A.B. asks: 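Just passing along the structure, written as structure tokens.
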Amino acid sequence: MKKCLAFARREAVLTAAAALALLSAVLVPPDAQYASYIDYNTLLLLFGLMAVMAGFQQQGAFAALGGRLLRYTATTRRLSLALVLLPFFLSMLVTNDVALITFVPFAVAVLRMAGQERLLGRVVVLQTLAANLGSMLTPVGNPQNLYLFACSGMGLGAFVGLMLPYVAASGALVALLALTVPSAPVQSMRVNARLGSARALACCTAGFALCLLCVADVCAPAVAAALIAAFLLAFDRPLLKRVDYGLLATFAAFFVFVGNMGRLPALRSLIESLLAGREMIWAVLLSQVISNVPCALLLSGFTARWEALIVGCNLGGLGTLIASMASLISFKMVAQTQPQQRRAYLMRFTALNLLALGLLLALAFALGQG
């Protein structure tokens, strides 16, 4: 029982998704249609991306990139700007959670070396905001984008074009916020980040290229996932353990729940009538309570207005701490390293997230997407 409770606390979203799937199975008993609920392509591509990103992390690629950029940071202001822009741009390619898992500990170590621990809470809040905002640009930036991109049938150019105004405005905002950090000289720093072997990095790059070909609809996700899995089974089995299988199971459980809800005519009609023309606003509001990945999975079963849903689920990652599950990564790290800053961190996080959300919602309405 203790192990079950510990698992439920550790995987709260998965537990909730599984409970909803089981509850819906009472209303719609399992049958042959259950197999059609699952978007296997999304799950396979997500597996491939997570494995590849774990490989890059293991080889120290991101930390090495950050270490090189720090050579040009002679002041606290430049240092903060570099630490914030790293996750902003990298999250477009490596997902927001990977960017934060990589660069929040990196920021903690660098600020300690520079004797600037007082800036830790401020910088990590901006890193979290930057990762969630930068990841909006591409289908591979976060899990809900990957799923909604596949559902919508949009081209890559159309998707990037849809989100580009929001990301451009976001980039200006996070840069401006980073530049408000008081400027003081810092000693020159050299971060010893070991870069892995050229062969291993080349293999990771090849795997990432395969995933991008899937996004461009050139390669089948099943082929890419099979090749990546076969390679890891042959040469690096421990890396397979670093894939977030809980996230894959969460997706599968929500697919079952949404599929079953769609087979209840009265409920389906009610949800569709509530959503009609208000997809973006509902996505933003619902994300504040259940986070934007489950929100995307839930609402996608009841609307075909994909652009509004994509914008809403991306903007919905701003706001509360649980609006984007990636935000919890940063909070946990700050709570572990500086527990006395938790309250101040939450207050600053909420204030800046609401500011960004308000500005981007205003932009959405100005663009006619509200």
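The chain is numbered in sequence order, starting from 1. As the structure is a prediction and not an experimental result, all values here were calculated from the model.
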A.B. asks: Parallel, tilted or perpendicular: which fits the ring planes of F159 and F149, with parallel below 30° and perpendicular above 60°?
C.D. replies: perpendicular
A.B. asks: Honestly curious: do L201 and L227 fall in one hydrophobic cluster under the side-chain, below-4.5 Å linking rule?
C.D. replies: no
A.B. asks: How close do S300 and Y147 get, counting heavy atoms only, and between which atoms?
C.D. replies: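 The answer is OG-OH, 2.8 Å.
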A.B. asks: Would a single hydrophobic cluster contain both L148 and Y40, if residues Ile, Leu, Val, Met, Phe, Trp and Tyr are joined by side-chain heavy-atom contacts under 4.5 Å?
C.D. replies: yes
A.B. asks: Could you tell me whether the side chain of S80 and the main chain of V123 form a donor-acceptor pair under 3.5 Å?
C.D. replies: no
A.B. asks: Does the side chain of N145 come under 3.5 Å of the side chain of S135 through a donor N or O and an acceptor N or O?
C.D. replies: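 S135 and N145 do not have a side-chain donor-acceptor pair below 3.5 Å.
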A.B. asks: Using distance alone, with no hydrogens and no angle criterion, decide if E279 and T303 have a side-chain donor and acceptor under 3.5 Å apart.
C.D. replies: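 Note: E279 and T303 side chains meet the donor-acceptor criterion.
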A.B. asks: Side chain of R263, backbone of R268: donor and acceptor closer than 3.5 Å?
C.D. replies: no
A.B. asks: Does one side chain, of R342 or Q340, offer a donor that lies under 3.5 Å from an acceptor on the other?
C.D. replies: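 The answer is no; no qualifying pair exists.
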A.B. asks: So, the side chain of S91 versus the backbone of A131: is there a donor-acceptor pair under 3.5 Å, distance only?
C.D. replies: yes
A.B. asks: Do L233 and L248 sit in the same hydrophobic cluster, where Ile, Leu, Val, Met, Phe, Trp and Tyr count as joined when their side-chain heavy atoms come under 4.5 Å apart?
C.D. replies: yes
A.B. asks: Do side-chain atoms of T320 reach the backbone of V289 as a donor and acceptor pair under 3.5 angstrom?
C.D. replies: no
A.B. asks: Enumerate the residue pairs fulfilling ring-ring contact (aromatic ring centres under 6.0 Å, His included) with a member in residues 117-146, sequence neighbours excluded, ordered by first and then second residue.
C.D. replies: none
A.B. asks: Using a distance-only test with no angle check, is there a side-chain donor-acceptor pair under 3.5 angstrom linking N142 and Q144?
C.D. replies: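 Per modelled atom types, N142 and Q144 side chains form a pair under 3.5 Å.
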A.B. asks: Can you tell me how far OG1 of T250 sits from OH of Y245, rounded to the nearest 0.5 angstrom?
C.D. replies: 14.5 Å
A.B. asks: Would you compute the distance between atom CG of L239 and atom CD of Q59 and round it to the nearest 0.5 angstrom?
C.D. replies: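 So the gap between those two atoms works out to 8.5 Å.
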A.B. asks: Between CZ of F254 and CG of L14, what distance do you get to the nearest 0.5 Å?
C.D. replies: 9.5 Å
A.B. asks: Angle between ring planes, F349 versus Y345, binned at 30° and 60°: parallel, tilted or perpendicular?
C.D. replies: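 Parallel, since the angle between the ring planes stays under 30°.
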A.B. asks: When rounded to the nearest 0.5 angstrom, what is the spacing between CZ in F103 and CG in L90?
C.D. replies: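 Spacing of CZ (F103) from CG (L90) equals 4.5 Å.
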A.B. asks: So Y37 and Y34, would you call those rings parallel, tilted or perpendicular, with 30° and 60° as cut-offs?
C.D. replies: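 Y37 vs Y34 ring planes: tilted.
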A.B. asks: Run the numbers on M325 and V293 for side-chain contact (heavy atoms from CB on, under 4.5 Å), then give the verdict.
C.D. replies: CA-CA 8 Å; M325 297 306 292; V293 173; 6.0 Å; no
